[in-house]
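Report on one structure; see the data block that follows.
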Amino acid sequence: MSTHSNHPFHLVTQSPWPLFGALSTMTLMSGLIMWFHSFSMNLMILGLLMTLMIMYQWWRDIVRESSYQGCHTLKVNLNMRWGMILFIISEIFFFLAFFWAFFHNNLNPNFNMGSNWPPQGIHPFNPFQIPLLNTIVLLTSGITVTWAHHSMMENNSSQTKISLFITIFLGVFFTSLQAYEYMEAPFSISDSIYSTCFFMATGFHGLHVIIGTAFLLVCFLRHLNNQFSMNHHFGFEAAAWYWHFVDVVWLFLYTIMYWWSS
């Protein structure tokens, strides 16, 4: 059978990863529920390992299609851009739900909370300590990822390598600071609606930072293997868009959850 086609679209070959990915994610979520209720982490660890293995192999196949098989034509590239844009829009609405819950209770606090916001007994974080440092770290990482993008478009390999490494380091540093902040938190997720909104919003943002850091790390390894060019590097562009989205969400989180609420 001929491998040639008369259209610019990419008809993907049969792959086991969507099915296995769904099963591994279901295992991971079931393990999380068991951890919450039974304090057993065995199923969660199994699901996490399965998910990471499938992520690696699925990502490997996509890299092969892009870099070696030439499947990502201009038309396919355009469609992937729109797919990434729609994905980021869906993420915006995801965080909008947390902000909605926060404002709903902030602007009209229930009498069960003493009609106060934050509720009685809740002492918010000082916004000018670790939160401000994290803001500076994340904004700096937005600058360095833009530096990496422009360096890649100018075919400057060494500058791309340096700026990407700095961005990944700043992402890891941000996550470390947030983990330390959580360990020193004067309230827990179950203390009130304020703490629930706070930990859900900042926690999911922290998860997005971890995902974005992993995304950039894969791009860094691909750059070291010369899989990007000045004209063909959408994988990195998608990671940069995602990272800028994470930056903007943090600015809203810092302004509302930390500064305004204090």
Side-chain angles (χ1 to χ4, degrees), residues 9-12 15 17-33 47-48 50-52 54-59 61-63 65-66 71-72 74-106 134-135 138-139 141-142 145-146 149 167-168 171 174-175 178 189 193 196-219 222 233-257:
F9 300 98
H10 176 206
L11 301 180
V12 296
S15 171
W17 309 132
L19 175 61
F20 288 164
L23 292 174
S24 67
T25 305
M26 183 183 70
T27 304
L28 176 59
M29 296 308 297
S30 301
L32 280 170
I33 294 170
L48 179 61
M50 290 169 57
T51 303
L52 291 175
I54 291 164
M55 281 173 56
Y56 170 77
Q57 293 174 99
W58 201 346
W59 218 323
D61 289 351
I62 294 173
V63 169
E65 293 168 355
S66 171
C71 296
H72 290 185
L74 292 177
K75 184 67 176 179
V76 174
N77 203 292
L78 177 63
N79 290 338
M80 290 193 299
R81 289 174 184 273
W82 275 110
M84 192 66 193
I85 290 170
L86 292 174
F87 169 69
I88 291 176
I89 291 173
S90 72
E91 292 283 275
I92 291 172
F93 281 96
F94 176 79
F95 280 100
L96 184 62
F98 297 125
F99 287 116
W100 188 293
F102 186 86
F103 279 117
H104 177 78
N105 292 279
N106 186 333
N134 259 346
T135 303
L138 213 53
L139 290 178
S141 72
V145 79
T146 304
H149 190 193
T167 306
I168 294 167
F174 176 94
T175 303
Q178 190 171 42
I189 192 172
I193 185 64
T196 301
C197 289
F198 174 85
F199 279 111
M200 288 293 289
T202 59
F204 270 112
H205 176 268
L207 177 63
H208 281 69
V209 171
I210 293 172
I211 293 171
T213 305
F215 204 170
L216 291 170
L217 178 60
V218 171
C219 291
R222 290 189 65 188
H233 54 262
F234 174 70
F236 171 73
E237 279 188 280
W241 292 357
Y242 187 84
W243 197 255
H244 287 309
F245 159 74
V246 168
D247 281 354
V248 173
V249 170
W250 175 257
L251 289 177
F252 281 99
L253 284 173
Y254 175 78
T255 304
I256 296 168
M257 299 280 185

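Predicted, not measured: the structure shown is a model, and the values here were computed from it.
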ring-ring contact (aromatic ring centres under 6.0 Å, His included) between Trp17 and Tyr56, intermediate numbers included: CA-CA 10 Å; Trp17 309 132; Tyr56 170 77; 9.8 Å; no
Determine whether [X] and [Y] make a side-chain contact, defined as any pair of heavy atoms from C-beta on separated by less than 4.5 Å.
{"X": "Phe99", "Y": "Cys197", "answer": "no"}
{"X": "Leu139", "Y": "Leu251", "answer": "yes"}
{"X": "Asn134", "Y": "Tyr254", "answer": "no"}
{"X": "Met50", "Y": "Thr25", "answer": "no"}
{"X": "Lys75", "Y": "Asn79", "answer": "yes"}
{"X": "Arg222", "Y": "Phe236", "answer": "no"}
{"X": "Phe245", "Y": "Ile92", "answer": "yes"}
{"X": "Gln178", "Y": "Thr202", "answer": "yes"}

Centroid-centroid under 6.0 Å between Phe87 and Trp241 rings: no
Check: His205 ring centroid to Phe174 ring centroid under 6.0 Å: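 Yes, they do, as the ring centres are separated by less than 6.0 Å.
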At what distance, to the nearest 0.5 angstrom, does [atom1] of [X] lie from [atom2] of [Y]?
{"X": "Leu96", "Y": "Phe252", "atom1": "CG", "atom2": "CZ", "value": "10.0 Å"}
{"X": "Ser141", "Y": "Asp247", "atom1": "OG", "atom2": "CG", "value": "4.5 Å"}
{"X": "Leu23", "Y": "Leu19", "atom1": "CG", "atom2": "CG", "value": "4.5 Å"}
{"X": "Trp243", "Y": "Ile211", "atom1": "CH2", "atom2": "CD1", "value": "11.0 Å"}
{"X": "Ile85", "Y": "Arg81", "atom1": "CD1", "atom2": "CZ", "value": "8.5 Å"}
{"X": "Ser66", "Y": "Phe234", "atom1": "OG", "atom2": "CZ", "value": "10.0 Å"}

Between Trp250 and Thr135, a side-chain donor and acceptor under 3.5 Å: yes
With sequence neighbours excluded, residues passing side chain to side chain donor-acceptor pair (under 3.5 Å) with Thr196: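 Not a single residue meets the side chain to side chain donor-acceptor pair (under 3.5 Å) criterion with Thr196.
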Looking only at non-hydrogen atoms, find the nearest pair between [X] and [Y] and report the distance.
{"X": "Leu253", "Y": "Ala201", "answer": "CD2-CB, 3.7 Å"}
{"X": "Leu216", "Y": "Thr167", "answer": "CD1-CG2, 3.5 Å"}
{"X": "Gly47", "Y": "Thr27", "answer": "CA-CG2, 3.8 Å"}
{"X": "His244", "Y": "Gly142", "answer": "CE1-O, 3.4 Å"}

Ring geometry between Phe204 and Phe98 (parallel below 30°, tilted from 30 to 60°, perpendicular above 60°): parallel
Parallel, tilted or perpendicular, as decided by the 30° and 60° cut-offs, for the rings of His149 and His233: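 Ring orientation, 0 to 90° scale: perpendicular.
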Leu86 atom CG, over 12 foreign heavy atoms within 6.0 Å: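 More than 12 within 6.0 Å, yes.
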Phe20 atom CZ, over 12 foreign heavy atoms within 6.0 Å: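 No, because the 6.0 Å sphere around CZ of Phe20 holds 12 heavy atoms or fewer from other groups.
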